[in-house]
Amino acid sequence: MQNKDLFKDNNILDPNKLPMHIAIIPDGNGRWAKQRGLPRSTGHRRGSETLKEIVKCCARIGIKYITAYAFSTENWKRPKEEVDSLMNLLEEFLSRAHEELKESDIRINVIGDISKLPKSLAEKIHDVEKMTKNNTGLQFNIALNYGGRDEIVSAIRKICQDVKDGKLDINDINEQVVKSKLYTYDIPDPDLIIRTAGEKRVSNFLLWQLAYSELWTSDVLWPDFTEKHLLEALFEYQKRERRYGGL
Ligand code: IPE
Ligand code: IPE
Ligand code: MG
């Protein structure tokens with residue numbers, strides 16, 4: 001669909017009420033593969049292609065930030081074979097994403113504890129972040145070895161260090177100080193969070209940042225997710241009334 005059609009007659013999307021930031025939990029790759037008698041790794045591969053398409057689509061619509069959950073701090077519990085294949089796929093995804101997204105001015109940023117990742121993947125992350133850092137289009141954040149609790153623990157550690165070093169007074173610790181120590185220190189909180197595959201939980205994703213995000217879930221398995229589903233989510237989002245605790 002062309003950009004102008006999305007906003008046509010104001011009956012599809014209101015360009016003035018787009019979410020600035022969409023967080024995505026792309027779940028259901030394994031179930032998608034199982035239904036077809038395919039290895040789980042094939043589901044992940046198809047899921048990575050879906051992600052690329054959805055990112056391009058968001059860039060076209062005018063969304064400024066996407067944060068996708070690619071690998072959680074709990075996903076290490078999976079069989080080694082699956083973890084290894086996910087790490088390889090992520091490395092390949094980053095190499096190809098840079099090539100394929102070159103034209104679209106997308107900036108790639110990884111959030112999570114990358115110190116625990118295979119060295120070649122960590123290097124790829126540095127390269128891609130460096131190569132895309134001056135791009136001014138959509139910022140695509142990939143949460144990799146990311147956990148909301150892990151992020152908060154590391155923020156607490158940094159704050160305590162500042163207090164210990166005499167750079168910060170305990171009475172000056174506030175929400176802004178906490179935010180400044182998170183991976184997302186320079187990213188606005190998500191307006192909308194999308195989770196696929198019928199699950200209705202946040203699974204340790206962006207625990208601090210999701211405080212007032214609108215939640216939208218779908219039974220569709222992530223590899224089957226298309227632009228049509230994204231538009232459904234956006235359309236529903238535009239009908240919501242966000243009150244932030246007020247009246
Ligand atoms: C989500 O798909 C992707 C990752 C966790 C990497 P799953 O692998 O969780 O798929 P299901 O939930 O088993 O179907
Ligand atoms: C969340 O999905 C993590 C990612 C999509 C990377 P999971 O499939 O790991 O979540 P649970 O285990 O069902 O809560
Ligand atoms: Mg899952």
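The structure displayed is predicted, hence computed values, not measured ones. Every number for a ligand or one of its atoms is a count from 1 in the order of the listing.
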*Asks:* Could you tell me, atom by atom, which parts of ligand 2 come under 4.0 Å of a heavy atom of Ala70?
*Replies:*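 Counting from 1, the qualifying ligand atoms are 6 (C).
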*Asks:* Below 4.0 Å from ligand 1: does a non-hydrogen atom of Arg78 turn up there or not?
*Replies:*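 Yes, Arg78 has a heavy atom closer than 4.0 Å to ligand 1.
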*Asks:* Between the Mg ion (ligand 3) and Asp27, is there an N, O or S atom separated by less than 2.8 Å?
*Replies:*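 For Asp27, the answer is yes, given that an N, O or S atom comes within less than 2.8 Å of the Mg ion (ligand 3).
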*Asks:* May I ask which of Asn75, Thr196, Ile25, Asp27 has a heavy atom nearer to atom 7 (P) of ligand 1 than the others do?
*Replies:* Asp27
*Asks:* Taking only heavy atoms of Pro26, which atoms of ligand 1 are found under 4.0 Å from at least one of them?
*Replies:* 1 (C), 3 (C)
*Asks:* Any heavy-atom pair between the side chains of Pro118 and Glu91 that's under 4.5 Å?
*Replies:*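 Side-chain contact under 4.5 Å: no.
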*Asks:* Closest non-hydrogen protein atom to atom 12 (O) of ligand 1, residue and atom name please, with distance?
*Replies:*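 Nearest protein contact, heavy atoms only, for atom 12 (O) of ligand 1 is Arg31 NH2, 2.8 Å.
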*Asks:* Measure the shortest side-chain to side-chain distance between Ile187 and Leu182 over non-hydrogen atoms and say whether it is less than 4.5 angstrom.
*Replies:* no
*Asks:* Hey, which of His21, Arg242, Lys17 is the one that makes side-chain hydrogen bond (donor to acceptor under 3.5 Å, both in side chains) with Asp191?
*Replies:* Arg242
*Asks:* Could you list which atoms of ligand 2 come closer than 4.0 Å to a heavy atom of Ser203?
*Replies:*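 Checking each atom against Ser203, I get 10 (O), 11 (P), 14 (O).
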*Asks:* Is it true that a side-chain atom of Glu214 and a backbone atom of Arg240 form a donor plus acceptor pair closer than 3.5 Å?
*Replies:* no
*Asks:* Please confirm whether Ala33 comes under 4.0 Å of ligand 1, counting heavy atoms of the residue only.
*Replies:* no
*Asks:* Run Asn75 and Val83 through side-chain contact (heavy atoms from CB on, under 4.5 Å) and show every step you take.
*Replies:* CA-CA 8 Å; Asn75 287 147; Val83 170; over 6 Å; no
*Asks:* Could you tell me whether the side chain of Val220 reaches within less than 4.5 Å of the side chain of Thr226, counting heavy atoms only?
*Replies:* no
*Asks:* What protein heavy atom sits nearest atom 13 (O) of ligand 2, and how far off is it?
*Replies:*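 Result for atom 13 (O) of ligand 2: Arg201 NH2, 2.9 Å.
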*Asks:* For atom 2 (O) of ligand 2, what's the nearest protein heavy atom and its distance?
*Replies:* Arg195 NH2, 3.6 Å
*Asks:* Under 4.0 Å from atom 9 (O) of ligand 2, is there at least one protein heavy atom?
*Replies:*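 Yes, at least one protein heavy atom sits under 4.0 Å from atom 9 (O) of ligand 2.
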*Asks:* Is there a heavy atom in His44 that sits closer than 4.0 Å to ligand 1?
*Replies:* yes
*Asks:* What do you reckon, does Gly28 put a non-hydrogen atom under 4.0 Å from ligand 1?
*Replies:* yes
*Asks:* If the plane angle is over 60° it's perpendicular, under 30° parallel, otherwise tilted; pick one for Trp216 and Phe225.
*Replies:*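 Geometry flag for Phe225 against Trp216: perpendicular rings.
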*Asks:* Give a yes or no on this: more than 12 heavy atoms of other residues, nucleotides or ligands lie within 6.0 Å of atom CZ of Arg46.
*Replies:* no
*Asks:* Tell me, yes or no, whether the heavy-atom count around Glu92 atom CD, taken from other residues, nucleotides or ligands under 6.0 Å, exceeds 12.
*Replies:* yes
*Asks:* Near Arg36 CZ, under 6.0 Å, is it more than 12 heavy atoms from other residues, nucleotides or ligands?
*Replies:* yes
*Asks:* Enumerate the atoms of ligand 2 whose separation from the nearest heavy atom of Phe71 is less than 4.0 angstrom.
*Replies:* 6 (C)
*Asks:* Give the residue and atom name of whichever protein heavy atom lies nearest to atom 3 (C) of ligand 1, and the separation in Å to one decimal.
*Replies:* Asn29 ND2, 3.6 Å
*Asks:* Just heavy atoms, cut-off under 4.0 Å: does Arg40 contact ligand 1 by side chain, backbone, both, or neither?
*Replies:*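 It is the side chain that gets close, since no backbone atom is under 4.0 Å.
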